[in-house]
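Please read the structure below before turning to the comments.
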Amino acid sequence: MSDSETDEELDRSRLPNAWTVWSQGDQGRLVLAYRPDVFDAADFPAACLPTLYLTHGKRTRRPGVNPADTADSEDWYVTLYLEPDVSLNETLRFPTREEALERTIELAAAFDDGEIDYRELYQVPRETYFERLDELTGPDTDD
């Protein structure tokens with residue numbers, strides 16, 4: 001993997017408007033946040049901010065605890081969190097950052113379009129939170 005591959009800038013025009021680049025590391029790490037204007041601790045707890053992580057090596061800690069990653073392989077991982085203990089139950093592992101970035105963008109669009117069934121990810125339902133997410137996601141939203 002070359003340095004230019006990991007330092008590659010994200011073409012933000014490819015992201016749905018509801019997603020914000022929260023941080024972009026110099027080693028290819030990328031964190032996207034969904035509607036930080038809504039999940040601002042006033043209306044919803046900040047811990048409920050949906051986030052997408054693109055990391056080199058699998059994350060060993062949950063968001064909100066410690067952002068450090070441990071590269072256990074040369075692979076790239078994509079993880080969608082709805083809050084620290086609630087994530088998409090898929091291992092999204094890719095041999096290159098380019099492939100992982102493509103999946104990150106696809107997953108961001110699918111979430112924004114309402115194609116991710118986030119209710120299935122929770123053991124304890126949060127109906128008020130779900131109702132608000134329903135209003136924010138789906139084909140009828142204007143970002």
Side-chain angles (χ1 to χ4, degrees), residues 1 5-143:
M1 167 177 42
E5 184 178 344
T6 57
D7 293 339
E8 181 179 305
E9 284 289 321
L10 168 68
D11 178 0
R12 295 171 193 230
S13 69
R14 297 183 61 210
L15 286 176
N17 290 335
W19 285 93
T20 299
V21 175
W22 200 254
S23 71
Q24 192 164 356
D26 58 354
Q27 303 213 331
R29 183 174 191 264
L30 177 68
V31 180
L32 304 177
Y34 186 76
R35 295 294 306 265
D37 59 316
V38 173
F39 297 92
D40 61 1
D43 295 322
F44 291 102
C48 290
L49 175 70
T51 53
L52 267 166
Y53 285 80
L54 183 149
T55 57
H56 189 219
K58 191 169 185 175
R59 287 183 53 83
T60 58
R61 302 186 192 274
R62 302 305 238 179
V65 175
N66 183 337
D69 296 331
T70 301
D72 61 356
S73 71
E74 292 298 313
D75 290 336
W76 290 85
Y77 291 81
V78 177
T79 310
L80 171 65
Y81 289 100
L82 292 171
E83 55 186 83
D85 292 323
V86 180
S87 62
L88 190 61
N89 297 327
E90 294 180 31
T91 299
L92 301 173
R93 182 177 184 168
F94 303 90
T96 67
R97 184 178 187 277
E98 182 178 289
E99 291 173 273
L101 182 58
E102 280 303 311
R103 183 62 181 128
T104 301
I105 293 168
E106 291 168 2
L107 197 54
F111 185 87
D112 192 48
D113 289 342
E115 296 172 9
I116 304 289
D117 185 4
Y118 39 80
R119 284 174 174 78
E120 290 294 317
L121 304 177
Y122 281 82
Q123 291 180 355
V124 178
R126 294 174 165 246
E127 289 308 320
T128 303
Y129 173 65
F130 292 158
E131 289 169 10
R132 184 64 175 131
L133 269 179
D134 290 344
E135 292 171 10
L136 296 170
T137 61
D140 297 328
T141 61
D142 292 324
D143 293 325

Which residues satisfy the salt bridge (Lys or Arg N to Asp or Glu O under 4.0 Å) test with E115, sequence neighbours excluded? none
At what distance, to the nearest 0.5 angstrom, does CZ of F111 lie from CG of L32? 12.0 Å
Partners passing side-chain hydrogen bond (donor to acceptor under 3.5 Å, both in side chains) against Y129 (at least two apart in sequence or in another chain): none
Partner residues of S13 under the side-chain hydrogen bond (donor to acceptor under 3.5 Å, both in side chains) criterion, sequence neighbours left out: D11
Is the backbone of G57 close enough, under 3.5 Å, to the side chain of T55 for a donor and an acceptor to pair up by distance? yes
Rounded to the nearest 0.5 Å, how far does CG of D75 lie from CG of L92? 12.0 Å
Look only at the side chain of W19 and the backbone of A108, and say whether a donor-acceptor pair between them is shorter than 3.5 Å. yes
Approximate separation, where rounding is to 0.5 Å, of R119 CZ and L133 CG: 8.0 Å
Under the side-chain hydrogen bond (donor to acceptor under 3.5 Å, both in side chains) rule, collect the residues that match up with R132, sequence neighbours excluded. E135
Once rounded to the nearest 0.5 Å, what's the spacing between atom OH of Y122 and atom CG of L82? 4.5 Å
Contact summary for T51 and A33, nearest pair of heavy atoms: CG2-CA, 4.4 Å
L88 and V78, any side-chain heavy atoms less than 4.5 Å apart: no
Partners passing side chain to side chain contact (heavy atoms under 4.5 Å, CB included) against E102 (at least two apart in sequence or in another chain): R14
Approximate separation, where rounding is to 0.5 Å, of T137 OG1 and I116 CD1: 10.0 Å
For a quick test of reading the model, state the closest non-hydrogen atom pair linking W76 to T96 and the distance between them. CD1-C, 3.4 Å
Any idea which heavy atoms bring P16 and A109 closest together, and the distance? CG-CA, 3.6 Å
Could you tell me which residues satisfy side-chain hydrogen bond (donor to acceptor under 3.5 Å, both in side chains) with D37, sequence neighbours excluded, listed by chain and number? R35
Work out which heavy atom in R97 is nearest to a heavy atom in G28; give both atom names and the distance. NE-O, 2.9 Å
Parallel, tilted or perpendicular: which describes the rings of Y53 and Y81, with under 30° parallel and over 60° perpendicular? perpendicular
Closest non-hydrogen atom pair between T104 and L54, with its separation: OG1-CD1, 3.3 Å
Heavy-atom closest contact (D112 atom, L136 atom, distance): OD1-O, 4.3 Å
Distance, nearest 0.5 Å, that separates CZ of R93 from OG1 of T79: 12.0 Å
